[in-house]
Amino acid sequence: MEKIKSILLTLLSLATIVGIAYGGIPTSPDSLEKWLTTQYSAKEKVTRLNFYVRDIFSTPTPTIVGVAKANTTSSSPTSFGQVAVLDDPVTVGPEPGSKIIGQAGGIFALASLEETSLYMTFTIVFTDGEYKASTLSFSGHNAYLTPLRQISIVGGTGVFAFARGVTSVSTVWSNSSGDAVFQYNSVVLHY
């Protein structure tokens, strides 16, 4: 039994070394810690991304659904207290039928008494293209009616491991049903 255990540990160590050597980021806590110590001196990269996120309300399967609201939300001019979840498609262009490269999933709350603004926290999971299987996580204040606003990039996985940065968001198009297309211009720092 001890010999089998020794062989398995050796194979696991070799798999970890091979994964790291070929650019993979280890997933076990011990190997991740070891990998991090070797990455400290690695040069940080800057990646600029441009993509589009679509809110869809006008179909039988909307991509944003309200899940809670305060007793006073309906009388608030800013819908203060409304909470919703989202699962929006992420596309390469703003036009209908543009190639989907990911999904933006998360939660937001209308969180201001003075303006229509959201507190958002969501993650984009890239499902196609050069960043497939990587993620970027966003969090922050989104003054929805402002022409250009910024949201923090607070993390990521895969290609975007240990990401941080800022994304500028602008509304490309919206209609009275609530459907909208948003452009995200992001600057991402990662290793």
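Position 1 is the first residue of the sequence; numbering continues from there.
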Original post:
In chain order, what residues pass the salt bridge (charged side-chain N to carboxylate O under 4.0 Å, His left out) check against K45, with sequence neighbours excluded?
Top reply: none

Original post:
With a cut-off of 6.0 Å (strictly less than), are more than 12 heavy atoms of other residues, nucleotides or ligands near CG of N175?
Top reply: yes

**OP:** Using the test side chain to side chain donor-acceptor pair (under 3.5 Å), find all partners of S134 that sit at least two apart in sequence or belong to another chain.
**Re:** none

**OP:** Only pairs at least two apart or in different chains count here, so list each ring pair (Phe, Tyr, Trp, His ring centres under 6.0 Å) that has a residue in residues 51-82.
**Re:** F51-Y184

**OP:** Output all residues satisfying ring-ring contact (aromatic ring centres under 6.0 Å, His included) with Y144, sequence neighbours left out; order by chain, then residue number.
**Re:** F182

Original post:
Do V169 and L118 share a hydrophobic cluster, counting only Ile, Leu, Val, Met, Phe, Trp and Tyr and linking them when any side-chain heavy atoms are less than 4.5 Å apart?
Top reply: yes

Original post:
Got a sec, which residues hit ring-ring contact (aromatic ring centres under 6.0 Å, His included) with F122, two or more places apart in sequence or on another chain?
Top reply: F138

**OP:** Go through the structure and list residues passing side chain to side chain donor-acceptor pair (under 3.5 Å) with S58, not counting sequence neighbours.
**Re:** D179

**OP:** Could you walk me through whether N50 and Q183 pass side chain to side chain contact (heavy atoms under 4.5 Å, CB included), step by step?
**Re:** CA-CA 7 Å; N50 184 47; Q183 182 176 19; 3.0 Å; yes

**OP:** Hey, could you give me the OG1/CZ distance between T167 and R48, rounded to the nearest 0.5 Å?
**Re:** 11.5 Å

Subject >> Partner of F126 by side-chain contact (heavy atoms from CB on, under 4.5 Å), out of L136, V159, T135 >> reply: L136

Subject >> For the student: nearest non-hydrogen atoms of G66 and Q82, plus distance >> reply: CA-NE2, 3.6 Å

Original post:
What are the two closest heavy atoms between L86 and A104, and how far apart are they?
Top reply: CD1-O, 3.0 Å

Subject >> Verdict with supporting geometry, V188 and L49, side chain to side chain contact (heavy atoms under 4.5 Å, CB included) >> reply: CA-CA 8 Å; V188 186; L49 299 171; 4.1 Å; yes

**OP:** Locate the shortest heavy-atom distance separating D87 from Q103; write the atom from each residue and the value.
**Re:** OD1-NE2, 3.0 Å

Original post:
Does any pair with a residue in residues 149-166 pass salt bridge (charged side-chain N to carboxylate O under 4.0 Å, His left out), and if so which ones, sequence neighbours excluded?
Top reply: E44-R164

Original post:
Is there any salt bridge (charged side-chain N to carboxylate O under 4.0 Å, His left out) pair reaching into residues 65-77, and which pairs are they, with sequence neighbours excluded?
Top reply: none

**OP:** Mind running side chain to side chain contact (heavy atoms under 4.5 Å, CB included) on L110 and T78 for me, showing each step along the way?
**Re:** CA-CA 7 Å; L110 286 139; T78 63; over 6 Å; no

**OP:** Measure the shortest side-chain to side-chain distance between S117 and N142 over non-hydrogen atoms and say whether it is less than 4.5 angstrom.
**Re:** no

Original post:
Please walk me through it: do T127 and I101 pass side chain to side chain contact (heavy atoms under 4.5 Å, CB included)?
Top reply: CA-CA 5 Å; T127 57; I101 57 170; 5.6 Å; no

Subject >> Cluster overlap V92 with Y131, hydrophobic side-chain contacts below 4.5 Å >> reply: yes

Subject >> M120 side, atom CE; I151 side, atom CD1 - distance, nearest 0.5 Å >> reply: 5.5 Å

Subject >> Contact list for residues 106-116, test side chain to side chain donor-acceptor pair (under 3.5 Å), sequence neighbours left out >> reply: E115-H141

Subject >> For S139, side chain to side chain donor-acceptor pair (under 3.5 Å) partners two or more places apart >> reply: Y119

**OP:** Could you tell me the separation between the CG atom of N71 and the OG atom of S76, rounded to the nearest 0.5 Å?
**Re:** 13.0 Å

**OP:** Rounded to the nearest 0.5 Å, what's the gap from CG on L148 to OG on S170? Could you check?
**Re:** 6.0 Å

Original post:
Of the non-hydrogen atoms in S186 and I153, which two are nearest, and what is the gap between them?
Top reply: CB-CD1, 4.0 Å

Original post:
When rounded to the nearest 0.5 angstrom, what is the spacing between CD1 in I100 and CG in D88?
Top reply: 11.0 Å

**OP:** Would you please name every residue forming a salt bridge (charged side-chain N to carboxylate O under 4.0 Å, His left out) with D128, sequence neighbours left out?
**Re:** K99

Original post:
For R54 and P94, which heavy atoms make the closest approach, and how far apart are they?
Top reply: NH2-O, 2.6 Å

Original post:
Can you list the residues that meet the side chain to side chain donor-acceptor pair (under 3.5 Å) rule with T47, with sequence neighbours excluded?
Top reply: H190

Subject >> Spacing of S177 atom OG and I56 atom CD1 [to the nearest 0.5 Å] >> reply: 12.0 Å

**OP:** Search all heavy atoms of T157 against all heavy atoms of A133 and return the closest pair with its distance.
**Re:** OG1-O, 4.5 Å

